[in-house]
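These notes concern the structure reproduced below.
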Amino acid sequence: MRTIDVAPLPLSELEPHLDEVAAHRLRDGVAAAQALLEGRALWIVTPTDQAGAGPVETVAPLAGYARGLDVDARWLCLDAPAEFTALSGRLHSWIHGDIGDRGRLGEKERDLYEHTLASNAENVAGDIREGDIVILHDPATAGLARPLKAAGAVVVWRCHAGADLATASPEGVEDAQRAWAFLDRYLEDADYVIVSCEEYRPPFTEPEACAVIPPSIDPDSPKNRVLDMDEAWSIARLAGIFDGEPPFDAFPFIRGDGRTDALRSAAAEGGVMRAGGPVPLGARTVTQVSRWDRLKGMKELAIAFAENLEALPDDAHLLLVGPCPDKRSAAERVLDEAVEAVELLPAAARSRIHIAAVPAHDREVNALVINAVQRVSSVVTQRSIVEAFGLTVAEAMWKKAPVVASGVGGIRTQVTDGVDGVLVDPHDGAAWAQAVADLLLFPERAAEMGATAHESVRRSFLPDRHLLQVLDALAAALE
Ligand code: UDP
């Protein structure tokens, strides 16, 4: 396994974002939990540390706050070959009831899974002491439960995926059941399970050993910190995603410390924009930011936009943004499918759809680009088919963007329809276009919705609530 550096985050940085009651609750809750964690290390394991995936975004601030509280928190990610990543990607999408990947989950796959995780476990098992806590994230790490428990740890498995099998297709239900059957034996050793959304609880969990805890966003991270509009436009243009001169060239991070070279050379070589070129000056942009996963419905979104062009104002453009995928990965195939679908559309639609793949190996640079793009967009959309929790939805709401999102899974707890965003049926393109058009045509209503959305996130989706709930879950796991 690989250790990821985590800088301590003092809770005092969070307090300016909280009202007095929430700040008080946080101080009290944390003081109680410190006693519980005293003398224990907290090991957090994610499949990867690459930008563009929910667990990474969720773990980074919580690990930072834990270290800020003097908890010995350590973040590790797996060392795994590409075949393992493909296999864990399959498990992940099958749990979602996805039917795109017809691959296998047989004995060969089990060998690969167990062999990879056994060598990762060996790496750390010797450093784990009796009573330490391990939080494993997602299907890729579930197989670590047994060896790390045997090393003396209390093991919590946190699953960010899931699907409402009552509404999945028969093939989707079958895939999900096969994925759970594959994971079942590894999860028997987990002392506690955390899921993001009530409806997506795994079939085997006992209610007393499972908590529903939605993730949160970090308001001070590069992804969410305040950028003024000049900064935001500068970054979005320097990244090559929007046309026009950067209005503000005094942003040192982007200008010249070497870290943004990959981004700037990708932009200069035209490697960021995969379809449609940069969004033109004067366009009003409807943006979706996602991983390249079929469950995010990127291709279907482009088609819905094209089929409902007449319902939308003439200057409305669609922008799909995701991380630059590894070569020959499943994500690259999904990105290519979206690009190919756009190429087949009539010219009138094609010229108004833009696809960007942003370099992701430098998390901070990637996060700043996403931050900027979310801020300069007129509407942010998340038209996922399944979603246990949409971090992108919370990020956009925090930035006061009007959001049009699928009324599925955890998104239904994030957005109150018509109040702080709009929920639509993910299979109804006309309803999606109408909702977007209404927000573009009535900017005052959109601004009001964005302001309400910001307050909703402040109340429910910042790390204070999240941290306290996770501490409660750890206390329950230790009982
Ligand atoms: N993201 C990113 N760079 C990208 C695309 C996505 O940093 O190019 C981030 C996005 O901002 C969000 C996370 O990846 O923080 C995705 O989390 P979400 O809950 O929306 O979906 P998941 O990937 O967990 O299914």
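Heads up: numbering here begins at 1 and tracks the sequence.
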Query raised in the report: Quick one: are I133 and L37 in side-chain contact, heavy atoms under 4.5 Å?
Result: yes
**Report entry** Pairwise side-chain contact, V6 with R74, heavy-atom cut-off 4.5 Å (strictly under)
**Finding:** no
Report task. Please work out whether the ring planes of H137 and H160 are parallel, tilted or perpendicular, with thresholds of 30° and 60°. Result -> parallel
Query raised in the report: Are the side chain of D132 and the backbone N or O of R40 linked by a donor-acceptor pair below 3.5 Å?
Result: no
Query - N/O donor-acceptor pair under 3.5 Å between S460 side chain and V457 backbone - result: no
Query raised in the report: T392 and side chain to side chain donor-acceptor pair (under 3.5 Å): which partner among E57, Q288, Q382?
Result: Q382
Query raised in the report: Less than 4.5 Å apart, any side-chain heavy atom of I213 and any of R158?
Result: yes
Query raised in the report: Salt bridge or not for K296 and E387, using N-O below 4.0 Å?
Result: yes
**Report entry** Y192 vs V155, side-chain contact (heavy atoms from CB on, under 4.5 Å): CA-CA, chis, key distance, verdict
**Finding:** CA-CA 7 Å; Y192 206 80; V155 176; over 6 Å; no
**Report entry** Minimum side-chain heavy-atom gap L439-M449 below 4.5 Å
**Finding:** yes
Query raised in the report: For the side chain of S377 and the backbone of V373, is there at least one donor-acceptor N/O pair under 3.5 Å apart?
Result: yes
Query - Under-4.0 Å salt bridge between R2 and D49 - result: yes
Requested in this report: Say whether, by atom type as modelled, one donor and one acceptor occur between the side chain of H354 and the main chain of G276 under 3.5 angstrom.
Outcome: yes
Requested in this report: Could you check if a side-chain atom of T381 sits within less than 4.5 angstrom of a side-chain atom of T287, using non-hydrogen atoms only?
Outcome: no
Query raised in the report: Hey, are R225 and D220 close enough for a salt bridge, meaning a charged N less than 4.0 Å from a carboxylate O?
Result: no
Query - Presence of salt bridge, K223 and E364, under 4.0 angstrom - result: no
Report summary line: Heavy-atom nearest pair, T413 first then F461, reads O-CZ, 3.8 Å
Query raised in the report: Between V45 and L144, is any pair of side-chain heavy atoms under 4.5 Å apart?
Result: yes
Query - Heavy-atom closest contact (M273 atom, A356 atom, distance) - result: SD-CB, 3.7 Å
Query raised in the report: T416 versus S456: any side-chain heavy-atom pair under 4.5 Å?
Result: no
Query raised in the report: Counting N and O atoms only, with roles assigned by atom type, does the side chain of N308 sit under 3.5 Å from a partner on the main chain of A311, one being a donor and the other an acceptor?
Result: no
Report task. Just grab all the salt bridge (charged side-chain N to carboxylate O under 4.0 Å, His left out) pairs involving residues 434-457, residues at least two apart or on different chains. Result -> E455-R458
**Report entry** Residue pair T141 / P47: nearest heavy atoms and the distance that separates them
**Finding:** CG2-N, 4.0 Å
Query raised in the report: Within the side chain of R465, is there an N or O that forms a donor-acceptor pair under 3.5 Å with the backbone of P214?
Result: yes
Report summary line: The residue among L391, V470, L62 that forms side chain to side chain contact (heavy atoms under 4.5 Å, CB included) with P215 is L391
Query raised in the report: Is there a donor-acceptor pair closer than 3.5 Å between any side-chain N or O of R274 and the backbone N or O of C324?
Result: no
Query raised in the report: So do the side chains of L14 and D464 get within less than 4.5 Å of each other, counting heavy atoms only?
Result: yes
